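Accompanying notes for the structure given below.
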2 protein chains.
Amino acid sequence: MVEIDDIDHRVLELLREDGRRTFSEMAERVGLSVAAVKRRVDRLRELGVITGFTARIDYAKLGWGIEAFTELRYAGSTPVSEIVRTATGAPEVQAVFTIAGDPDALIHIRVRDLDHLQQVIDGLRRTGNVTGTKTLLVMGSWTREAGVALRGRSAEARGRTRR
Amino acid sequence: MVEIDDIDHRVLELLREDGRRTFSEMAERVGLSVAAVKRRVDRLRELGVITGFTARIDYAKLGWGIEAFTELRYAGSTPVSEIVRTATGAPEVQAVFTIAGDPDALIHIRVRDLDHLQQVIDGLRRTGNVTGTKTLLVMGSWTREAGVALRGRSAEARGRTRR
DNA sequence: ACTGAAATTTCTTTCAC
DNA sequence: GTGAAAGAAATTTCAGT
């Protein structure tokens, strides 16, 4: 585990909120010079704490309005690698979480409509050793946008609800 | 739903992969001028397709090594707003998905260790009208990093497994 | 709509202290 | 850690295609 001080945490929080913040803006907010903030960000990347930057995209605006989680159960003999391989195969699958216990995996799916969802699930059921599925259809979602409670204390939670 | 052409999709994919790509780099990759790419990114932001930029952080490196999903069941009379309000209260809760059917919500939790997880779940059970929980402990995860299958065709899936 | 280019401003990077 | 200087990139604008 990596050693991180309070200022690093604030920098991470700022970059969580807006990954394109400039060094000068962050410098002002955390009370350090631009060079010092850059050095910290560089270090956080070298340490692997910051693994990259990405754009937040509203997929519903692009017509991918349906979101679901599907629990997958596999035949007892199925190795985890096989579970991940089959589940990641469908392009609609956004994330795969392998689970201790029952179910064996939870996958996050994004699709255009319910018909499309049906097709994706049917595809999964036909794949590999899937013995059962249970799908949770997402009605609304909220995501913590500011950095997690990085220090175990309540960081400000700014988020939004959709739909 | 928003009108988006192939080049816009490629720009989105590039920004999904790396939210700090420069206009000149993207211009080269999609075969347009810098000015044209900037105009497209500006438009995608105005349309609300790109909602922002954020840093990817490896929370395990910060000591938040345990991830779980918890299904929540609430008393029948509980309004959705109340579900979201109580579930988002704990700083360890990263995301809340309200669900059509049973369970009523699925929440994504990140904690330091199993003791901590126990505390968070106990807290939720004591809150509001929670009538039951089921927790799925995450052993490993894979996330699609490139932009989704934005056109319904299989976009290249570059991801990674953890743990 | 996009190109190419110029002018301006801002951000990044580096280095001496 | 700071401050300053140099280099790179972003932004803005515009005539031309």
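So you know, we letter chains A, B, ... as the sequences are listed, proteins then strands, and number each from 1. From a predicted model like this one, the values you see are computed outputs, not experimental measurements.
- Considering only side-chain N and O atoms, A/K38 lies nowhere under 4.0 angstrom from the phosphate OP1 or OP2 of C/dT12.
- Dashed line: the shortest gap from a side-chain N or O of B/R39 to OP1 or OP2 of C/dC2 is under 4.0 Å.
- Of the residues in residues 18-37 of chain A, those placing a heavy atom less than 4.0 Å from an atom of DNA chain D are A/L32, A/S33, A/A35, A/A36, in numerical order.
- Taken to the nearest 0.5 Å, the CD1 atom of B/I109 stands 9.5 Å off from the CZ atom of B/F69.
- Here OG1 of A/T131 is found 7.0 Å from CG of A/D104. Values are rounded to the nearest 0.5 Å.
- The structure places CG of B/D8 at 9.0 Å from CD1 of B/I50, a figure rounded to the nearest 0.5 Å.
- A side chain to side chain donor-acceptor pair (under 3.5 Å) with B/D42 is found for one member of B/R39, B/K38, B/R45 and no other, namely B/K38.
- Between atom OG1 of residue B/T127 and atom CD1 of residue B/I83 there is a gap of 12.5 Å, rounded to the nearest 0.5 Å.
- Between B/D5 and A/D42, it is B/D5 whose nearest contact on DNA chain C lies nearer the 5' terminus.
- Counting non-hydrogen atoms of neighbouring residues, nucleotides and ligands closer than 6.0 angstrom, the CD atom of B/E28 reaches no more than 12 such neighbours.
- Contact annotation for B/R40: backbone-only contact, meaning every heavy-atom pair under 4.0 Å involves sugar-phosphate atoms and none involves a base.
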